[in-house]
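Right, one structure below, let's go through it.
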Amino acid sequence: MKLKGTSFEKKRGPAGKTAPSASRMDFLLQRCGIRLSGAQLEPLWRYHQLLRQFDAELNLTRIHNFENMVVKLYADSILPALQYPQLPSPLLDLGTGPGMPGIPLKIFRPDLHILLAESRQQRVHFLKTVVEELNLPGLDVIERGIAPDFDKPVAGVITRAVEPIADTLKRVSGCLKKNGLVIFMKGPRCDEEMAQAARDCCDDYALAEDIAYQIPQTPHRRRLICYRRRVAAFKATQAPDPPSPYRIREIESESNPVFKDLKKLLTGRGVKKGGKTLICGRRLVAEAMRCAPERCRAWIGSGDRHEPPAEAPYEMEWLQLSPQLFGQLDLFGTRTPILLYDLPEIPAWDAGNAAPGCSLLIPFQDPENVGAVIRSAAAFAVERIVLLAESANPFHPKAIRASAGTVLSANLYAGPSLKDLRGNLPVVALAASGRPIANFAFPESFCLLPGMEGPGLDSRWLDNAVSIPMAEDVESLNAATATAITLYEWRRQRKGE
Ligand SMILES: C[S@@+](CC[C@H](N)C(=O)[O-])C[C@H]1O[C@@H](n2cnc3c(N)ncnc32)[C@H](O)[C@@H]1O
């Protein structure tokens, strides 16, 4: 992928040092254990350029050396996501200054909804410019100082270089939900602050994590200190909480229009038309609420009133269905509440862009195969998952379940139909007649094309096909299984380099 105003080639500076570039930034991040896709590197590089541009006038950071900026600002901001992957969302970055850690974190973890809170007007102006330029959904600026009267509900707070722990814990008392997390990015010596917090805030917060680590390949030591809130957010006005924050609607009749719309979501066509899906199963529902609370539209229950969990968004509706109606939606018989979930936009795939790595083209018509292959693609860190027009909807409830939820945060793109795939694409196809995979060296950049279930592959792709050896009397492997084996071999070769 080519970035605006730069190139991925290494450049030499005047003194023989490697000049700043996106590829140098990528290299430095990788040394810190952080791997970004091209689609993540581009906005980070753009952010870096804006930070440099505005810094001269606004004095945004004291770190100016390129390599230090990458390591001490961007890598430092991203590493909490590797140390503590269960980051909550929405996540308030309290005192973000020029956007640390919130902006690099958002680029690394696009699934998080991040609120950048900053009290100084000039910095707010810079943040708004960055947010507009990067155009990342789920990245907002809160232009005010956070105090206990700030009552927008959040599931977590993260903060770096702002103030002592106890002060922040008190400051977020109006917005942090019960069981929410406050994550402090600290240096190694913060025991005194923690002792103070234990004295002042132990009724409202419990220490949940204390993770010591080092920025890899550097001597810089860090600590991630997390506190879990034991109590509900206090309203600054002390007004009593309403009995339930959710609108509850009882549905008993098959002819209820809301129920009829829900039933349509049991087919791929209904999911596509309605722009929504049903997520079933306790773990997947919790995962979806954590990753994208803003997409959660309704909590669908039956029988005993299982309240939505504390991290659920208040705007969500609560539908209570009769057991008979619920049974019709409970495709997998989990008997646990189902989530009505807004689909994310799937951007169009740019086939002309020879981006590095693997673009997995999916033609499968069985939603379970689509889900299973997305799960494998996530496991083997495929760069792009391209859904061809023939593919079943990846958000069909069966696909979501087969993907074990990985579809909710996968790098999905919408591709053309099989017949419109350009003949000059660097396609590696999968076919029983192909050359044995063990003798094949995967190129740097390619499109992996498995055959459709049933008809298999169009003959125009057979020249560059690989096959997985099987016992003689077996006709074929399941398409998703064959793809998983191929991805394993691709990854193995890449690691061996
Ligand atoms: C030392 S800077 C750190 C900025 C950033 N977190 C970083 O690590 O680079 C602290 C920032 O927090 C902001 N700030 C301080 N108190 C705040 C509050 N109560 N709400 C929002 N922002 C605050 C300040 O304006 C300043 O920009």
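Whatever order the structure lists them in is the order used to number ligands and atoms, beginning at 1.
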Original post:
Counting each atom of ligand 1 from 1 as listed, which ones have a heavy atom of G145 under 4.0 Å away?
Top reply: 18 (C), 20 (N), 21 (C)
Original post:
Does a donor on one side chain sit under 3.5 Å from an acceptor on the other, for Y213 and R222?
Top reply: no
Original post:
Backbone N or O of N59 within a donor-acceptor pair of the R62 side chain at under 3.5 Å?
Top reply: no
Original post:
Is ligand 1 under 4.0 Å from a heavy atom in the side chain of T96, in the backbone, in both, or in neither?
Top reply: backbone
Original post:
Should I146 be counted as touching ligand 1, given the test is an N or O pair under 3.5 Å?
Top reply: yes
Original post:
Is R144 in contact with ligand 1, taking contact as a heavy-atom separation below 4.0 Å?
Top reply: yes
Original post:
For ligand 1, which part of R123 has a heavy atom less than 4.0 Å away: the side chain, the backbone, both, or neither?
Top reply: side chain
**OP:** Report, in ascending order of atom number, the atoms of ligand 1 lying under 4.0 Å from any heavy atom of R171.
**Re:** 19 (N)
**OP:** Working to the nearest 0.5 Å, report the span between CG of D200 and CG of D167.
**Re:** 8.5 Å
Subject >> Salt-bridge present (E132, R46; N to O < 4.0 Å) >> reply: no
Original post:
Does the side chain of D140 come under 3.5 Å of the side chain of H113 through a donor N or O and an acceptor N or O?
Top reply: yes
Original post:
Can we say R160 and D76 salt-bridge, meaning some charged N sits less than 4.0 Å from an Asp/Glu carboxylate O?
Top reply: yes
Original post:
With respect to atom 10 (C) of ligand 1, which of S119, G97, A161 exhibits the smallest heavy-atom separation?
Top reply: A161
Original post:
Polar-atom distance check: L94 versus ligand 1, any N or O pair below 3.5 Å?
Top reply: no
